[in-house]
Amino acid sequence: MARFESILGTVGNTPVVRINRLAPAGVNLYVKIEAFNPLGSVKDRLALGVIEAAEKSGELKPGQTVIEATSGNTGIGLAMVCAQKGYPLVVTMAEQFSIERRKLMRFLGAKVVLTPAAGRAVAMVTKAVELAKTHGWFLTRQFENEANADMHSRTTAREIVDDFKGDKLDYWVTGYGTGGTLKGVSRVLKKEMPNTKIIVCEPEDASLLTSGVAQERNSDGSAAAPHPAFKPHPMQGWTPDFIPKLTGDVVDMKVIDQIIRIPGPDSLKMSMELAQKEGIFVGITAGASFAGALRVAAEAPKGSTILCMLPDTGERYLSTPLFGNVPADMTPEEIEISRSTPSVQFPAT
Ligand code: PMP
């Protein structure tokens, strides 16, 4: 750690941490914890990457309003970057994403325009495109923007290559939301660590890649229609109701070694297991990716080394099913502990 010129200097360089209690014997299982980014998710990287690329190209003018359609983390990252750099930010977001996300963005100074749940991701993107056109705002286009993947090639991928230099990395496990992480990292690994297998996880209920059905696209690469294999799933931030351009590119590059389908309940369970057995506090897609990594670990030859991406912090999910079984009031067990000594009691007996 050093002194930083602004908060933006703290994006990236996230730690790789060994899994001890949850890993099967004989494999080296590591996680890369993106919750260490300043606003708690992998999307801080994209936010900084797309804004700085647009500043450089002249596409984004000083003081111009920035707009994006986002399930939350991108908006939160963009809100941080825009706050620091002085750009107004408008975010369109489908109403079903967690309340914390809306409030966080508003706290950081952004405007949040909700779209109906029934319209899913396609509706929030349509709304963002229309608002950008109408008002002359800069649309970051996270699902198609090459600056998204480029940032991951420059930062996430470099960090991984450096952290495993002189060692081997047999498997790299990730999910996809935009596919920025997947595209940016996989192309560098294929070149510089060609023996590393690329493992992609997706929700069992929305196995868009597994389905093999191609995505209908507009000429700019954006989705022309919802993908037929999509069904709602609890992994907020993963797999929208279309295959993003950046994800489709990776399929076309033929660098994916295996696709694993993760059931929704496994993602919630593994997020909690990471918290309770490893002290690693991360979100739902992290639990989902980790469930995939454990499947890889179960089948990998002894001595294998696996790295799994954990995209965000668990704090973003307090109002979601992730915390559904966590009571606010004392449990019978806690009351029993309380009653085991005579002084202060709650409730008073
Ligand atoms: N997990 C969460 C919680 C996310 O918000 C995102 C991004 N939407 C991802 C995973 C996937 O990252 P990427 O967009 O780079 O594919």
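Basis for what follows: all heavy atoms, side chains included, without hydrogens, waters or symmetry-related copies. Along the sequence shown, residues are numbered consecutively beginning with 1. Atoms within a ligand are numbered from 1 in the order they appear, just like the ligands themselves.
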What I want to know is whether [X] and ligand 1 share at least one N or O pair that is separated by under 3.5 angstrom.
| X | value |
| --- | --- |
| L182 | no |
| W238 | no |
| K43 | yes |
| G177 | yes |
| V42 | no |
| N73 | yes |

- Message: Would the distance check show the side chain of S153 and the main-chain N or O of G184 forming a donor-acceptor pair, the cut-off being under 3.5 Å?
- Response: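 Confirmed, S153 side chain pairs with G184 backbone.
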- Give a yes or no on whether the backbone of K245 and the side-chain of Q215 come within a donor-acceptor separation of less than 3.5 Å. no
- Message: Contact between E336 and E333 at the side-chain level, heavy atoms closer than 4.5 Å - yes or no?
- Response: no
- Report the C-alpha distance between F138 and Y87 in whole Å, list the side-chain angles of each, state the deciding distance to 0.1 Å, and finish with yes or no for ring pair (Phe, Tyr, Trp, His ring centres under 6.0 Å). CA-CA 10 Å; F138 172 67; Y87 299 106; 8.6 Å; no
- Out of P311, A35, G179, S41, indicate the one that has the non-hydrogen atom closest to atom 10 (C) of ligand 1.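 When every heavy atom of P311, A35, G179, S41 is considered, P311 comes closest to atom 10 (C) of ligand 1.
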Suppose I only count heavy atoms of [X] and a 4.0 Å limit; which atoms of ligand 1 are within that range?
| X | result |
| --- | --- |
| T181 | 12 (O), 13 (P), 15 (O) |
| Y317 | 3 (C) |
| G180 | 15 (O), 16 (O) |

- Query: With a 4.0 Å heavy-atom cut-off (strictly under), which part of F97 contacts ligand 1: side chain, backbone, both or neither?
  - Reply: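 The answer is neither.
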- At under 4.0 Å between heavy atoms, which part of D312 makes contact with ligand 1: side chain, backbone, both or neither?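 The part of D312 near ligand 1 is the side chain, not the backbone.
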Among all protein heavy atoms, pick out the one at the shortest distance from [atom]; state its residue, atom name and that distance to 0.1 Å.
| atom | result |
| --- | --- |
| atom 14 (O) of ligand 1 | T178 OG1, 2.6 Å |
| atom 6 (C) of ligand 1 | G237 O, 3.3 Å |
| atom 2 (C) of ligand 1 | T285 OG1, 3.4 Å |

- Note on the structure: Applying salt bridge (charged side-chain N to carboxylate O under 4.0 Å, His left out) to K277 and not counting sequence neighbours gives E273
- Item | Side-chain cluster (under 4.5 Å, hydrophobic types only) that V90 belongs to, other residues | I67, V113, V122, V125, V129, L131, W137, L139, F143, F242
Quick one about [Y] and [X] (side-chain donor to acceptor, distance below 3.5 Å, no hydrogens or angles considered), yes or no?
| X | Y | value |
| --- | --- | --- |
| R45 | T155 | yes |
| D257 | Y171 | no |
| E202 | T239 | no |

- So is M235 in contact with ligand 1, going by heavy-atom distances below 4.0 Å?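 No heavy atom of M235 comes that close to ligand 1.
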- Run through I19, T305, L169 and flag the one making a side-chain contact (heavy atoms from CB on, under 4.5 Å) with N28. T305
